[in-house]
Protein chains: 2
Amino acid sequence: MASTPKSKPATAEDVAELAGVSRWTVNRAFKKDASISKRTLDRVMKAAARLDYAPDLLAASLASDRSNLVSLLIDDFANPHKLVMLEALTRVLGAHGLDVLLVNTASQKDTQDALRTARQRRVDAAVLIGSQLSDDLIAQAKGTDHIGKLIVFARLSSEVQAVSICVDDRSAMAVMTDHVLSGGYSRPLFLAGPQTRSAHLLRQQTFVEGWQSATGFRPEDHVVGSYDPRQAYRQVTSFLKGCPEDSWPDVIVCENDALAVGTIDALRHEFGRNVPGDLAVTGFDDTPQAADQSYQLTTYRQPISAMAEALAQVVLGQRDEVGLDRFTGELVIRRSA
Amino acid sequence: MASTPKSKPATAEDVAELAGVSRWTVNRAFKKDASISKRTLDRVMKAAARLDYAPDLLAASLASDRSNLVSLLIDDFANPHKLVMLEALTRVLGAHGLDVLLVNTASQKDTQDALRTARQRRVDAAVLIGSQLSDDLIAQAKGTDHIGKLIVFARLSSEVQAVSICVDDRSAMAVMTDHVLSGGYSRPLFLAGPQTRSAHLLRQQTFVEGWQSATGFRPEDHVVGSYDPRQAYRQVTSFLKGCPEDSWPDVIVCENDALAVGTIDALRHEFGRNVPGDLAVTGFDDTPQAADQSYQLTTYRQPISAMAEALAQVVLGQRDEVGLDRFTGELVIRRSA
DNA sequence: TTGTAGGCGTTATCAC
DNA sequence: GTGATAACGCCTACAA
């Protein structure tokens, strides 16, 4: 129907000719401000429709130095929460006219590459949603200076070159700590994810110190190598197998839901324990699984959509970059603790 | 360290000047064939390194009409299997030098938009990983003709404009049917996902007809509105509540794991049944969850990485487009059936 | 409101 | 092997 199939796409020039105007007028017609008369605009749009014309974003980016592209770097696809974030980010950024470049940075080299291509594609921002090594990578990254903006999403970064968009881990974990304290448990265990930099230990630190100052006892902790439910399953299993029966925890506070889900499974299937009957467990993130009847996980829900919204505004330069690491979510109390 | 921070990125021109060659030589140095003398190449590369130069992909795409960009359209983030696909696709395409544009096409309008921007960004291919409406959308889509390639991934499409990369549903489901038949069940139920076009009914049809021709009985079926474990949970619950006790199925064959997981949860938590003790369940996809102790789901594993590899080759024009809808995976037998 | 230069940083192609 | 010319399709000025 429209235009000539199999041929090259129409350009502003073609439309201009058909509409009887200059091609600059055509380009203007496709911008929001559009200082153009209604009549010519109509004519242009009609011609454009007939030729199935749409402005070339490559040429536009090249000329304007704004790509409306954001690249998302993810190094961990084992945590189901990543899918939730991707959904929110693509939805919200898309609504703002920003396209998303998704990059799998499973290896360190990949992250360097990703940052380099991000620059080569002139992305307006590179967003790290990685769990691991973010800070080290940012610090090392060559060419970081030419990337529009460097943003760490859903994780606090201590790197000054980057801006963090995340919840206030300290206050979030304080709320969780209070809840756990009110449960009357006496032997808590904190299950942490991969240890990288100091900023990442905030949840653990907040819980441990909060508990200690309230009870006088310093909780145990254990570290899992990645935010993967299956790995948590294995590590929790071997850890608890090494624990004398009488020194078992009665509540396991996990750094996030991925760890919590693996923990609950291990407790059930490796040790035949009930949650919360024999042992309580808490998470962080409120992934879809957390709400399942099988888990009914007490957790903390981050305002992902609002955070994504903030990200969009930062990228578009419509928002001040202060307070972005102070988002507040809410405690979701279910049956697991 | 390198170059001048906060300034604009270096161009080939800058490097040329520093290396004492012309800028065309610089550009040539950055291509694989590189018809260039070793000495000048060294000089150029050294200069490039000093200036932290990297070719501008926007300009390259504009001039060459190849963007090395593939856009992935996803309309359903509730199915955890999507994360597995995204991991494989980003990993494999990335290894081939293809970047991935991720687009959330939750609404029909979004898909049209996505296809349009795909064209505007001159993607080399648009890949639909949607579960719903793919065919209708493809058929309606304006501007489809200007998109390098239109590919439907992990789903058979009957649309001629698109090429499907997927397993042979018929043979895959035949294998599953045989397995279920050998289990000695007598009242199977097929749980299907959203019904769209005929191609999508292949698994159901294969199972139903296979069972019928083997036993003489035509299995019941039930339809779930989306590939969402939680929705499956609800719909299975209400469906079974309407079933007289004596006409309950003894095996539920699900179109995929998302439905199977929701089904198992519903059986356990709404009806107190055991799987496979009281009832067997099968899935399709072999998502990570399927391997969990909680489910131990018998399912069918698609060769996602190989399919992603094929996709890369098709996009790069290195592969014939035949047999792409005939991939073969393997039956994964666990405890659920 | 509309038209005009000049330039964005490459690639393709042809000279040397 | 290297240099040069002409696109690629648009945007930011500025002039009419």
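Below, read A as the first sequence line, B as the second, and so on, with proteins coming before strands; counting in each chain starts at 1. None of these values were measured; they are calculated from a predicted model.
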*Are OP1 or OP2 of dT1(C) and a side-chain N or O of Thr40(A) less than 4.0 angstrom apart?*
no
*Within a reach of under 6.0 Å around CD of Glu17(B), are more than 12 heavy atoms found that belong to other residues, nucleotides or ligands?*
no
*For the pair made of CG in Asp42(A) and P in dT1(C), what is the distance, rounded to whole Å?*
14 Å
_d(NZ, Lys31(B); P, dG9(C)) in whole Å_ = 18 Å
*asked:* Whole angstroms only, please: what is the CZ-C1' distance between Arg39(A) and dT1(C)?
replied: 12 Å
*asked:* Can you measure Arg28(B) atom CZ to dT11(C) atom P for me and round it to whole angstrom units?
replied: 11 Å
*Could you tell me whether Asp42(B) and Arg39(B) make a salt bridge, using a distance below 4.0 angstrom between a side-chain N and a carboxylate O?*
no
Short heteroatom pairs, N/O only, protein and nucleotides 5-9 of chain D, under 3.5 Å:
unit_1 : atom_1 : unit_2   : atom_2 : d
dT5(D) : O4     : Trp24(B) : NE1    : 2.6

*Just compare dT2(C), dC11(D), dG1(D) and give me whichever is closest to any side-chain atom of Ser37(B).*
dG1(D)
*To the nearest 0.5 Å, what is the distance between CG (Leu73(A)) and CG (Asp110(A))?*
10.0 Å
*Given atom CG of Asn27(A) and atom C1' of dA5(C), what is their separation to the nearest angstrom?*
15 Å
_Rounding to an integer number of Å, can you tell me how far Ile36(B) CD1 sits from dT11(C) P?_
13 Å
*To the nearest 10 degrees, what angle separates the axes at the start and end of the helix from dT1(C)-dA16(D) to dC16(C)-dG1(D), five pairs each?*
30°
_Pairing donors with acceptors under 3.5 angstrom, does anything connect the side chains of Gln313(B) and His96(B)?_
no
_Spacing of Asn68(A) atom CG relative to dC11(D) atom C1', expressed in whole Å_ = 13 Å
*Find the distance Phe30(B):CZ to dG9(C):P and express it as a whole number of Å.*
15 Å
*Can you spot which of Arg119(B), Arg121(B), Arg122(B) makes a side-chain contact (heavy atoms from CB on, under 4.5 Å) with Asp56(A)?*
Arg122(B)
*Reported CG-to-CG distance for the pair Leu98(A) and Leu316(A), which is rounded to 0.5 angstrom*: 4.5 Å
